[in-house]
Protein chains: 2
Amino acid sequence: MKETLSTISQKTGFSVTTVSRVLSGQAEKYRISERARKIVLEEAERCNYSPNIIARNLRTNKTNTIGLILPSVSNPYFADLSSVIIAEANSRKYTTIVLDSMESESNQEACIATLMARRVDGIIVAPCGTDPAIFEEINKKHVPVILVDRFYEESDLPYVTTNNYSGGVEAINSLIRNGHRNIACIQGVKTSAPNKKRIAGYKAAMADAGLEDNILVVGNEFSLQNGYLETKLLLNRNPRPTAIFTLSNTIALGAIKAIREAGMKIPDDISLIAFDNNIYMDYLTPPISRISQPVEDMAKLAVKLLFESIESHNRVNTKLELAPDFISRESVKNLE
Amino acid sequence: MKETLSTISQKTGFSVTTVSRVLSGQAEKYRISERARKIVLEEAERCNYSPNIIARNLRTNKTNTIGLILPSVSNPYFADLSSVIIAEANSRKYTTIVLDSMESESNQEACIATLMARRVDGIIVAPCGTDPAIFEEINKKHVPVILVDRFYEESDLPYVTTNNYSGGVEAINSLIRNGHRNIACIQGVKTSAPNKKRIAGYKAAMADAGLEDNILVVGNEFSLQNGYLETKLLLNRNPRPTAIFTLSNTIALGAIKAIREAGMKIPDDISLIAFDNNIYMDYLTPPISRISQPVEDMAKLAVKLLFESIESHNRVNTKLELAPDFISRESVKNLE
DNA sequence: TACTTTTGCTCAAACGATTGTGCATAATTA
DNA sequence: TAATTATGCACAATCGTTTGAGCAAAAGTA
């Protein structure tokens with residue numbers, strides 16, 4: 001492990017330059033003789049040489065590393081996302097540094113500082129907060145930034161997200177088709193763009209059906225607890241909603257907990273539709289109807305955009321919305 | 001961002017050395033005057049200086065980075081583990097590189113090569129495969145290695161894991177207390193130590209109850225599909241087991257799927273107990289009795305051990321088994 | 001006044017790679 | 001044979017930081 005170009009140079013008698021060129025595959029370009037190549041390669045093999053990437057990074061001013069900032073690494077949705085991103089980056093010979101902002105803007109700033117100090121070649125982020133300024137500056141002056149899942153509507157930062165509006169519309173329309181009129185929605189972080197779009201879809205679909213007066217949006221966090229508490233309150237309302245639309249998988253679990261505690265059954269006593277997809281949702285009783293985000297496609301596209309940007313040394317300004325899938329299960333009662 | 005010690009040196013008139021010492025908090029130690037400190041700090045502030053960590057790493061031969069290799073980044077169990085490890089490392093000013101071996105030894109070797117080339121200061125790994133040699137060599141010659149979850153019985157590499165044996169015993173005893181005699185077990189990767197220990201616990205508890213003849217172990221993968229297929233077969237056996245013990249959460253989901261397809265109900269027609277804990281298990285119908293691993297404690301201890309090793313420049317040889325929790329729910333029928 | 005100690009700072013090497021340029025020698029051509 | 005071109009390699013600078021050693025000038029002491 002103490003093997004360097006210099007030690008190989010000494011062993012073989014060739015200069016560090018020559019050794020470097022052979023080992024970095026530039027032998028052809030710099031006309032290194034077959035003989036020299038062979039000797040150098042054999043010595044490198046023998047001593048198990050592994051180039052010091054730190055030194056290379058310093059010299060080339062490239063780290064072959066990307067940064068990934070997520071609001072919650074352990075959330076299954078983001079765990080899936082990171083899994084795909086890590087794999088995609090890896091297939092391009094890049095390493096990923098995953099950081100957790102824990103839904104806090106100050107943590108997020110610390111994450112950014114870490115990534116900038118480590119001179120990553122690009123950043124993929126599901127941002128928290130409402131101010132795009134810091135990412136815009138980085139994107140303009142330093143390294144490319146691609147937003148994923150969450151984005152800033154007023155900014156021209158590139159992003160890949162689900163078509164959250166149509167997801168909201170689809171969810172509500174399916175409820176309306178089943179005769180529901182009194183549909184409540186439990187939201188997550190109010191200021192996040194996906195949340196806003198889903199709410200917009202919900203409201204538009206309700207309005208289209210002439211149900212403006214029944215619009216009811218509660219909650220403020222993408223968490224189980226939020227789902228639980230808000231559902232408790234919803235179940236006490238008069239009239240009680242016949243259906244609940246939860247804007248995340250965690251909120252859905254909280255809602256289920258509250259519904260059970262009230263001794264009620266899904267879908268007989270109340271219907272439920274959720275955003276997000278997780279395999280376990282099919283194993284709940286009943287399986288939950290849901291709006292599934294194309295996580296793998298989103299992750300792959302985000303990486304693709306990032307590398308376009310890195311390799312071209314230009315910024316992209318692509319904004320992509322991928323269509324969600326509606327997965328119909330048995331958590332919605334037909335009231336007609 | 002093009003700000004370096006050298007540019008600050010030029011602006012302020014102090015040498016690069018002095019600037020470096022002020023900015024790295026060594027002013028006291030090297031008797032830099034208050035006046036000089038102030039000037040340098042102000043200039044650094046003004047131009048928004050951020051040290052080039054790559055250069056620092058090269059010079060100090062430390063990267064303040066640890067590597068984490070997992071068999072499946074998206075598996076909720078490992079997602080939880082990585083979340084805690086990332087946070088713990090971060091609180092010690094370390095960055096984590098997460099890599100996915102995808103349960104393949106050749107991938108695992110590639111991961112190791114990546115981490116060594118990047119000169120991480122230490123490695124935490126839930127290894128796959130049965131050969132500890134490569135990790136032993138790294139641990140001996142290069143950087144400290146701590147195993148987590150999975151480990152090698154014959155090796156003296158340090159590890160933190162669950163007491164999988166007692167977990168197996170507890171699961172089976174609880175079934176036996178409920179009158180079960182015909183208990184099948186669906187395992188994961190046969191060669192992994194946790195799997196072996198769980199099986200050993202299962203067999204010991206069965207034997208203690210005089211049920212050697214009823215011992216039945218099937219399966220070979222920590223996956224939903226394995227759980228599904230093996231359960232299909234188990235349900236066709238004669239006599240059919242009255243209870244199934246699945247060695248992971250994914251296997252449990254597969255078992256549930258097969259049981260449902262057969263038109264059977266848990267626990268009325270068959271009982272189920274699983275290894276691993278996930279919040280959604282409480283929301284299944286019925287909630288699943290399970291052996292919960294202390295993921296957070298394991299992660300924190302693994303990080304603690306790693307840093308002991310890094311900071312002391314010595315290897316630790318601690319081997320820790322943490323007691324699992326038995327979470328009793330309604331997936332087990334009392335046959336008596 | 002002369003010597004010692006402290007203060008405040010700089011020099012220059014080092015970490016390990018990459019890379020533009022240059023220089024012999026060998027091979028080719030005229 | 002002389003001029004030209006091709007071949008094969010090495011020199012030395014560079015990336016931005018850290019750090020042991022050293023050296024004036026200022027302050028303290030005798």
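Proteins come first, then strands; the chains are lettered A, B, ... in the order of their sequence lines, and each starts at number 1. Keep in mind that what you see is a predicted model, and the values were worked out from it rather than measured.
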Between B:Tyr159 and B:Asp149, is any side-chain donor less than 3.5 angstrom from a side-chain acceptor?
-> no

Rounding to the nearest 10°, end axes of the helix from C:dT1-D:dA30 to C:dA30-D:dT1 built from five pairs each make an angle of 50°

With DNA chain D as reference, determine whether B:Lys29 or A:Leu58 sits nearer its 5' end, using the nearest nucleotide of each.
-> A:Leu58

Touch check for A:Arg35, heavy atoms < 4.0 angstrom, all strands: base, sugar-phosphate only, or nothing?
-> sugar-phosphate

Scan residues 15-22 of chain B against DNA chain C and write down, sorted by residue number, each residue with any heavy atom closer than 4.0 Å; if none is found, say none.
-> B:Ser15, B:Thr17, B:Thr18, B:Arg21

Measure the distance from CD on B:Glu3 to C1' on D:dG16 and round it to the nearest whole Å.
-> 13 Å

Would you state whether a donor and an acceptor, one from the side chain of B:Arg59 and one from the base of D:dT17, lie under 3.5 Å apart?
-> no

For A:Tyr30, answer base if it contacts any base atom (sugar-phosphate contacts may also be present), sugar-phosphate if it contacts only those atoms, and nothing otherwise; contact means non-hydrogen atoms under 4.0 Å.
-> base

Earlier contact from the 5' end, DNA chain D, for B:Thr60 and A:Ala55 | A:Ala55

How close or far is atom C1' of D:dG16 from atom CG of B:Asn52, stated in whole angstroms?
-> 6 Å

Could you tell me the separation between the CG atom of A:Asn61 and the C1' atom of C:dT18, rounded to a whole number of Å?
-> 12 Å

Taking for each residue the nucleotide of DNA chain C with the nearest heavy atom, is it B:Ala36 or A:Pro51 whose nucleotide lies nearer the 5' end?
-> B:Ala36

Is the shortest side-chain N/O distance from A:Ser33 to OP1 or OP2 of D:dC9 below 4.0 Å?
-> yes

Between B:Thr161 and B:Arg150, do the side chains contain an N or O donor and an N or O acceptor separated by less than 3.5 Å?
-> no

Are A:Glu42 and A:Lys38 within salt-bridge range, i.e. N to O under 4.0 Å?
-> yes

Rounded to the nearest 0.5 Å, what's the gap from OG1 on A:Thr318 to CD1 on A:Ile146? Could you check?
-> 7.0 Å

Sugar-phosphate, base or nothing in reach of B:Arg56, heavy atoms under 4.0 Å | sugar-phosphate

Give a yes/no on whether any side-chain N or O of A:Gln26 is located under 4.0 angstrom from OP1 or OP2 of C:dT19.
-> yes

Of A:Asn61, A:Thr65, A:Ile310, A:Leu306, the residue whose pairing with A:Asp121 passes side-chain contact (heavy atoms from CB on, under 4.5 Å) | A:Ile310

For C:dG16, does OP1 or OP2 lie under 4.0 Å from any side-chain N or O of A:Tyr49?
-> no

Give the rounded distance in Å between these two atoms: CG of B:Asn57 and P of C:dA14.
-> 20 Å

Looking at A:Arg92 and A:Glu88, does any basic side-chain N land under 4.0 Å from a carboxylate oxygen?
-> yes

B:Lys38 NZ to C:dC9 C1', in whole Å, measures 19 Å

Between P of C:dT7 and CD of B:Glu28, the distance in whole Å | 11 Å

Nearest-Å distance, CD1 (A:Ile54) to P (D:dC15)?
-> 18 Å

Decide whether A:Arg118 and B:Thr95 meet the rule of one side-chain donor and one side-chain acceptor closer than 3.5 Å.
-> yes

A:Ser9 side chain to A:Leu5 backbone, donor-acceptor under 3.5 Å | no

CG of B:Asp131 to OG of B:Ser155: how many Å apart, nearest 0.5 Å?
-> 9.5 Å

Contacts under 3.5 angstrom, residues 17-30 of chain B side chains, donor-acceptor by atom type, not counting sequence neighbours:
residue	atom	partner	partner atom	Å
B:Thr18	OG1	B:Ser15	OG	3.2
B:Ser24	OG	B:Ser20	O	2.8
B:Glu28	OE1	B:Arg37	NH1	3.3

Would you kindly give the CD1-to-P distance between B:Ile39 and C:dG8, to the nearest whole Å?
-> 13 Å

